[in-house]
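Below, each value reflects all heavy atoms present in this structure, side chains not excepted, and no hydrogens, waters or symmetry copies.
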Amino acid sequence: MINENEKYDSDIKSSEIMLPGTILPEDFITIPTEITVHLGAPDEDAENVTVPFIDYIKNVGSSELYPTWPENAIRANIHAIVSVALNRIFTEWYRSRGYNFNITNSTVYDQAYVHNRGFFDSISNIVDDIFNQYIVRSGEIQPIYAQFCDGRISQCDGMYQWGTVDLANEGYTPIEILRYYYGDDIEIITDAPFSDIQNTYPGEPLKLGDSGINVYRFQHSLDRISNNYPGIPRISPLNGEFNESTEAAVREFQSVFNLPVTGIVGQGTWYAIRRIYIAVTKLGELSSEGLLISELEDIYSQIIYEGDTRPGVPILQYFLNVLSAYYDTIPAVPITGMFDSDTRTGVIEFQKTMNLPETGIVNQETWDILFSTVLGILETIPPEAVFLPRLRYPGIEYYEGIEGQYAGVVIIQEMLLYISIAVPQIPPVEINGVYDEATAAAVTEFQNLVGLEPTGIVDENTWSMLEDIYRSQRFSGVRTPGQYSGVI
């Protein structure tokens, strides 16, 4: 937060126009709906069973823990069980080695799972509450491989299960128990999103000229591998475009690891990159190097790729729809929240129309021109003629004095301006994308009127309330003739 006495500079440079959305662990980690368990050691000839993820956690919890243990001990152990399973899925520990399962039921390699066993009610109820929560180290993305053992018969470098009982009886909370064993930098991610995706391989080979989030992901891994294998050339720039630098690095990687040297990232090369990256960073171990959020922010937060699902994607899609009403060359796209092929086509057509490189990637140059063009349109249209779709909170706190122009501020201003028509206590604002003094005053008055703390800051609660009131007003009236076509 800036000093209250600091004067806001309204002279905005193009480089200060901000892409929407922030980098969070849950942008990379999702809770799978199902998990495939191998009922034996990895190379043992045994059955694979695919079960709901939540049932898997209940099964392991009922196999590993005692239902009479203190609740805080059970909760700490469930967090560890979830994290171990998610780490195996995130690292594709087995699939990158050619196996067709996510995890085994062997306690030598993973954690106990007894197929078709019943669940203890006390454990089942806790799992229902926290199965979508997992452990990370502060500033990191991946669920830690939260190694644990009973602490009586066997010892390990991680958590002692019977020790958690003693700590819980002493009054330790679940997070305090976890920090006791794994370190003070442990955090719990809550409310992780769900996904049906089991494999990271995009389904078709990536080659020279391709672009998107999948290209960026293997570029990032391959560039990190080159630290350990310096014969592999560094990729420049790391931007999600499969360029000649990327192709050269892929070819050398394939040569080093005895793969067909094609320069194309097919399934075999994809998983070889994945496997070697996990090995050099130790992401599948308790002593992991860690995939840092800060490591990805400079690149990832400045680019929106195909495959992206961050909160800024719906705003991008809405902006493309605004442009489609004024440029015949730019198609309208569904507002799905997923940067899908339709969105990529819309981006390419926008880039073509504006004489930009036709990459399908929204980098800073593309975003600056897109934002400025949309802003130029919206600031000339009366609020009655604009109909906003429901847009997810972009994950940024908006307050007077933040530097730069933000897409989310435009949405806030549009909502405030329309609401002010029916609620004259709210002063009208200018649609300029700048969180200026007038915008802060309007937000403060809105918060006063709806019973929120009048901070002048738009956080998630204020954003949601703005949306609810805006949509309530819009749906209670009749759309005017000639109203802007960018509607849900």
Side-chain angles (χ1 to χ4, degrees), residues 23-25 27-29 86-98 136-145 147 157 182-183 185 199-202 205-208 210-303 305 307 361 363:
I23 306 300
L24 300 169
D27 295 323
F28 292 83
I29 309 297
L86 289 181
N87 181 278
R88 286 297 197 226
I89 292 170
F90 172 73
T91 60
E92 295 182 285
W93 186 261
Y94 291 108
R95 293 193 184 275
S96 67
R97 289 160 171 76
V136 300
R137 296 201 183 279
S138 180
E140 296 184 2
I141 288 173
Q142 80 285 348
I144 69 168
Y145 186 74
Q147 185 179 7
D157 292 332
Y182 299 121
D185 59 346
N199 307 318
T200 60
Y201 178 62
L206 300 169
K207 59 187 182 303
L208 188 66
D210 288 341
S211 63
I213 195 169
N214 288 315
V215 174
Y216 174 68
R217 283 173 171 163
F218 90 72
Q219 280 180 328
H220 173 270
S221 298
L222 193 52
D223 204 57
R224 170 60 185 84
I225 291 169
S226 69
N227 290 347
N228 294 72
Y229 296 87
I232 299 173
R234 305 306 292 260
I235 297 172
S236 180
L238 279 172
N239 62 357
E241 295 182 44
F242 201 130
N243 52 22
E244 292 181 357
S245 172
T246 304
E247 186 181 48
V250 170
R251 285 183 175 277
E252 187 58 30
F253 174 86
Q254 291 169 330
S255 176
V256 169
F257 292 99
N258 299 314
L259 296 165
V261 181
T262 62
I264 297 172
V265 179
Q267 183 167 323
T269 298
W270 176 276
Y271 281 117
I273 292 173
R274 188 83 174 136
R275 182 176 67 254
I276 302 303
Y277 175 73
I278 297 303
V280 299
T281 57
K282 300 182 179 180
L283 292 187
E285 302 176 21
L286 187 56
S287 57
S288 162
E289 173 184 304
L291 180 56
L292 302 179
I293 295 174
S294 59
E295 184 182 8
L296 302 181
E297 277 183 336
D298 287 345
I299 292 291
Y300 195 75
S301 63
Q302 297 303 311
I303 299 178
Y305 305 92
I361 294 175
N363 60 8

Find out whether Arg224 and Thr281 are in side-chain contact, i.e. whether some heavy atom of one side chain is under 4.5 Å from a heavy atom of the other.
yes

Of all pairs that satisfy side-chain hydrogen bond (donor to acceptor under 3.5 Å, both in side chains), the ones with a partner from residues 258-269, not counting sequence neighbours
Gln254-Thr262, Gln254-Thr269

Nearest heavy-atom neighbours spanning Glu241 and Ser211:
CA-CB, 4.3 Å

Is there side-chain contact between Ile273 and Phe257, with at least one heavy-atom pair below 4.5 Å?
no

Work out which heavy atom in Gly284 is nearest to a heavy atom in Asn87; give both atom names and the distance.
CA-OD1, 3.4 Å

Can you tell if the side chain of Asn363 reaches within under 4.5 Å of the side chain of Asn239, non-hydrogen atoms only?
no

Could you pull out the closest heavy-atom pair between Gly231 and Glu252, with the gap in Å?
O-CG, 3.3 Å

Heavy-atom distance under 4.5 Å between the side chains of Tyr277 and His220, does that happen here?
yes

Please report the closest heavy-atom contact between Pro237 and Asn243, naming both atoms and the distance.
CD-ND2, 3.5 Å

Closest approach of Asn214 and Pro202, non-hydrogen atoms and distance?
ND2-CB, 3.4 Å

Under the side chain to side chain contact (heavy atoms under 4.5 Å, CB included) test, which residues partner Pro205, sequence neighbours left out?
Tyr201, Ile264

Are Arg97 and Tyr271 side-chain neighbours, meaning at least one heavy-atom pair lies under 4.5 Å?
no

Do you know which of Val215, Leu222, Asp223 makes side-chain contact (heavy atoms from CB on, under 4.5 Å) with Gln219?
Val215

Closest non-hydrogen atom pair between Val261 and Arg251, with its separation
O-NH1, 3.6 Å

OG on Ser221 to CZ on Phe253, rounded to 0.5 Å:
9.5 Å

The ring-ring contact (aromatic ring centres under 6.0 Å, His included) partners of Phe218 (sequence neighbours excluded) come to Phe242

